[in-house]
Amino acid sequence: MEEANIKPHREPKWVVVAINIAIMVAYTLYFRFGDQGQENIIAIAMLIVAQVVLCLILAIFVFSKEFLLSAAMVLVIGFSTCWLVFAV
């Protein structure tokens, strides 16, 4: 019996990042196209901050590298997208 052919268990590195980016895209699209209002940019900025803080808190208790990467990606992509979407 050879145990070399058994595939190792995959770590959820990019799945965590992809889920966080998908959540950010969902509420950005909702506030951009679904709910029209003057204070949408403030609401999105607050949601991005809340998501980054939640990722940082989860990085302490669950998957540290994955949630730290998610926090950085959401922060950089989120605020640049927020600025780009609502500046136009």
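We count residues from 1, following the sequence as given.
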With a 3.5 Å cut-off and sequence neighbours excluded, list the donor-acceptor pairs that the side chains of residues 67-77 form with protein atoms.
residue	atom	partner	partner atom	Å
Ser70	OG	Asn20	ND2	3.2
Ser70	OG	Glu66	O	3.0

Margin query: If you define the side chain from C-beta out and look only at heavy atoms, does anything of Phe79 sit under 4.5 Å from Val49?
Written below: yes

Check: What's the shortest heavy-atom distance between Tyr27 and Ile44, and which atoms?
Finding: O-CD1, 4.2 Å

Notebook entry, point to check: Distance from Ile21 atom CD1 to Ile23 atom CD1, nearest 0.5 Å?
Noted result: 10.0 Å

Check: Could you state the interatomic distance from OG1 (Thr28) to CG (Leu47), rounded to the nearest 0.5 Å?
Finding: 8.5 Å

